[in-house]
Amino acid sequence: MSRIAYVNGRYLPHRRASVHVEDRGFQFADAVYEVIAVRGGALIDEELHLKRLHRSLGELRIAAPMSDAALKSVIREVLRRNGVADGALYLQISRGAARRDFPFPPGIEPTLVVTAQRRRGPSTKQVEEGVGVVTLPDIRWRRPDIKSVALLPNLLGKQQAREAGAFEAWLVDRDGNVTEGTSSNAWIVTAAGEVVTRQADTSILNGVTRLGLIGLLAREGLTLVERPFSVAEAKTAREAFLTSSTNFILPVVTIDGAPIGNGYPGSVVRRLRQAYEGHVAAQGAA
Ligand code: PDD
């Protein structure tokens, strides 16, 4: 099946799907995006993604291109035309196309692009054996809570991680605390069994998977603590893991090459992965 993209009102084959050379997303990264997991034909936590999308748009004062009801039908049509029941839905909204100039051009129409891809999640080996992360300075701007397409520091960090043989890079602020991964949120489990992740202020993206998991913790009888944690604390934690829409929950078993605990995924992360899969399956069945 050839891939189809939605671009500003039209469903087009990928090879013909393009935006204008003066689109501000292309020229200035003046755009926001969302990645939504699709399982069993269902969009996982779609409402939370749309809520975050509106927050990102609002922070950057970009107009919504259409109502949520219309956007939801475009999203479903893209999934249908691409035959994607298990995979990821990508949507991007830029401020629009106009003659290149820094201030917001008046009367500009936002650009909307929606694409879908089949599942390319983590391997069974990564889920069962865990992955490694390296730590790098967080060199991003001070508003990574806005899900903008300005991802250059994230790409550089991910590439550096891959070149070091690691799956992800955990970004570290000036105080030596982990903010988050380049495309995921960072978590540890302390010796006391508390589940710790950084508070969702302007220093991290408030992950939808993060929010979904927080909703499950109490039911699992686990205590959540939202606070910063240092690289040193993470390295001596009982367990560590990461969350994102493309990976759900993945155990982290090494940090900068040093094993966490005994170097194998711990009981808490395994339990949480299972609980999260239940959360996903429940939406697919709905
Ligand atoms: N990334 N932090 C950052 C910097 C991210 O880019 C992401 C998601 C997350 C996790 O958010 P969520 O649980 O809502 O996926 C945290 C997406 C998957 C991406 O850019 O591909």
Side-chain angles (χ1 to χ4, degrees), residues 25 29 31-39 43-56 59 75 84 86-93 113-122 126 131 133-162 167-173 177-187 195 197-217 226 228 240-250 252 272-273 275-277 279-280 283:
V32 301
Y33 76 106
E34 284 292 330
V35 177
I36 310 177
V38 182
R39 291 291 183 278
L43 290 140
I44 305 307
D45 288 325
E46 181 183 22
E47 295 303 328
L48 291 177
H49 282 282
L50 292 183
K51 190 170 166 203
R52 184 172 67 187
L53 175 67
H54 283 294
R55 181 175 182 279
S56 298
E59 291 297 311
I75 287 172
V84 171
D86 289 288
L89 186 288
Y90 177 83
L91 77 88
Q92 181 179 145
I93 299 169
V113 171
V114 184
T115 59
Q117 59 175 287
R118 270 163 221 261
R119 190 166 180 175
R120 259 197 338 198
Q126 287 169 328
V131 297
V133 302
V134 292
T135 59
L136 293 175
D138 192 342
I139 59 167
R140 299 175 300 166
W141 76 321
R142 283 187 239 160
R143 294 302 306 279
D145 57 306
I146 301 169
K147 200 164 172 60
S148 91
V149 301
L151 291 168
L152 208 37
N154 307 58
L155 313 188
L156 293 173
K158 187 81 90 187
Q159 182 62 21
Q160 219 174 312
R162 293 297 158 89
F167 181 79
E168 176 63 299
W170 277 7
L171 307 174
V172 181
D173 69 15
N177 292 318
V178 174
T179 53
E180 62 183 327
T182 65
S183 64
S184 56
N185 289 114
W187 305 68
V195 179
T197 196
R198 193 177 174 110
Q199 69 285 358
D201 51 23
T202 52
S203 66
I204 65 164
L205 182 77
N206 194 358
V208 166
T209 320
R210 176 187 182 279
L211 290 170
L213 184 61
I214 286 174
L216 299 174
L217 287 176
E226 290 178 274
F241 60 96
L242 59 83
T243 57
S244 77
S245 294
T246 39
N247 295 295
F248 294 155
I249 299 173
L250 267 189
V252 169
L272 290 178
R273 169 118 198 152
Y276 197 81
E277 275 167 7
H279 170 75
V280 168
Q283 296 183 50

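Remember, it's 1-based here, ligands and their atoms both numbered in the order they're listed. All of these numbers come straight from a predicted model, not from anything done at the bench. Quick note: residue numbers are just sequence positions, from 1.
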Between Trp187 and Leu272, does the side-chain contact (heavy atoms from CB on, under 4.5 Å) criterion hold? Intermediate values first, please. CA-CA 12 Å; Trp187 305 68; Leu272 290 178; over 6 Å; no
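The nearest protein atom to atom 17 (C) of ligand 1, hydrogens excluded, is given as Lys147 NZ, 3.6 Å; this is a heavy-atom distance. At the top of the distance list for atom 3 (C) of ligand 1, counting protein heavy atoms only, stands Glu180 OE1, 3.5 Å. Protein heavy atom in closest approach to atom 11 (O) of ligand 1: Gly207 CA, 3.4 Å. In terms of protein heavy-atom proximity, atom 6 (O) of ligand 1 is closest to Ser183 CA, 3.4 Å.
In this structure, the side chain of Arg198 engages the main chain of Val178 through a donor-acceptor pair within 3.5 Å.
Take Thr202 and apply the side chain to side chain donor-acceptor pair (under 3.5 Å) test, not counting sequence neighbours, and it matches no residue. Here Leu205 pairs with Arg52, Lys147, Glu180 under the side chain to side chain contact (heavy atoms under 4.5 Å, CB included) rule; sequence neighbours left out.
When heavy-atom distances to ligand 1 are checked against a 4.0 Å cut-off, Ile204 has no atom that comes that close, whether in backbone or side chain. Under 4.0 angstrom from ligand 1, the non-hydrogen atoms of Val35 all belong to its side chain. At a heavy-atom distance under 4.0 Å, only backbone atoms of Ser184 (N, CA, C or O) approach ligand 1.
Checked by distance only, ligand 1 and Asn206 stay at 3.5 Å or farther apart across all their nitrogen or oxygen atoms. When only interatomic distances are considered, the shortest N/O to N/O separation between Tyr33 and ligand 1 falls below 3.5 Å.
In terms of heavy-atom proximity, Gly157 sits nearest to Ala169 at O-CB, 3.6 Å. Closest approach of Asn247 to Arg273, counting heavy atoms only: O-NH1, 2.9 Å. Residue Ser244 comes nearest to Thr209 through the heavy atom pair C-OG1, 3.0 Å, listed as atom of the first residue, atom of the second, then distance.
Note that CD of Glu226 and OG1 of Thr197 are 7.5 Å apart. Values are rounded to the nearest 0.5 Å.
Taking each of Thr209, Ile44, Thr246 in turn, the one with a heavy atom nearest to atom 13 (O) of ligand 1 proves to be Thr209.
Using a 4.0 Å heavy-atom cutoff, Glu34 is absent from the residues neighbouring ligand 1.
Counting the atoms of ligand 1 from 1 in the order shown, those under 4.0 Å from a heavy atom of Asn185 are 10 (C), 16 (C). Near Thr182, with a cut-off below 4.0 Å to any heavy atom, the atoms of ligand 1 are 4 (C), 6 (O). Within ligand 1, the atoms closer than 4.0 Å to a non-hydrogen atom of Ser245 are 12 (P), 13 (O), 14 (O), 15 (O), numbered from 1 in the order shown. For ligand 1, the atoms closer than 4.0 angstrom to any heavy atom of Gly181 are 4 (C).
The shortest side-chain heavy-atom distance between Val32 and Leu53 falls under the 4.5 Å cut-off.
The aromatic rings of Phe248 and Tyr276 lie tilted to each other, with the angle between the two planes from 30° to 60°.
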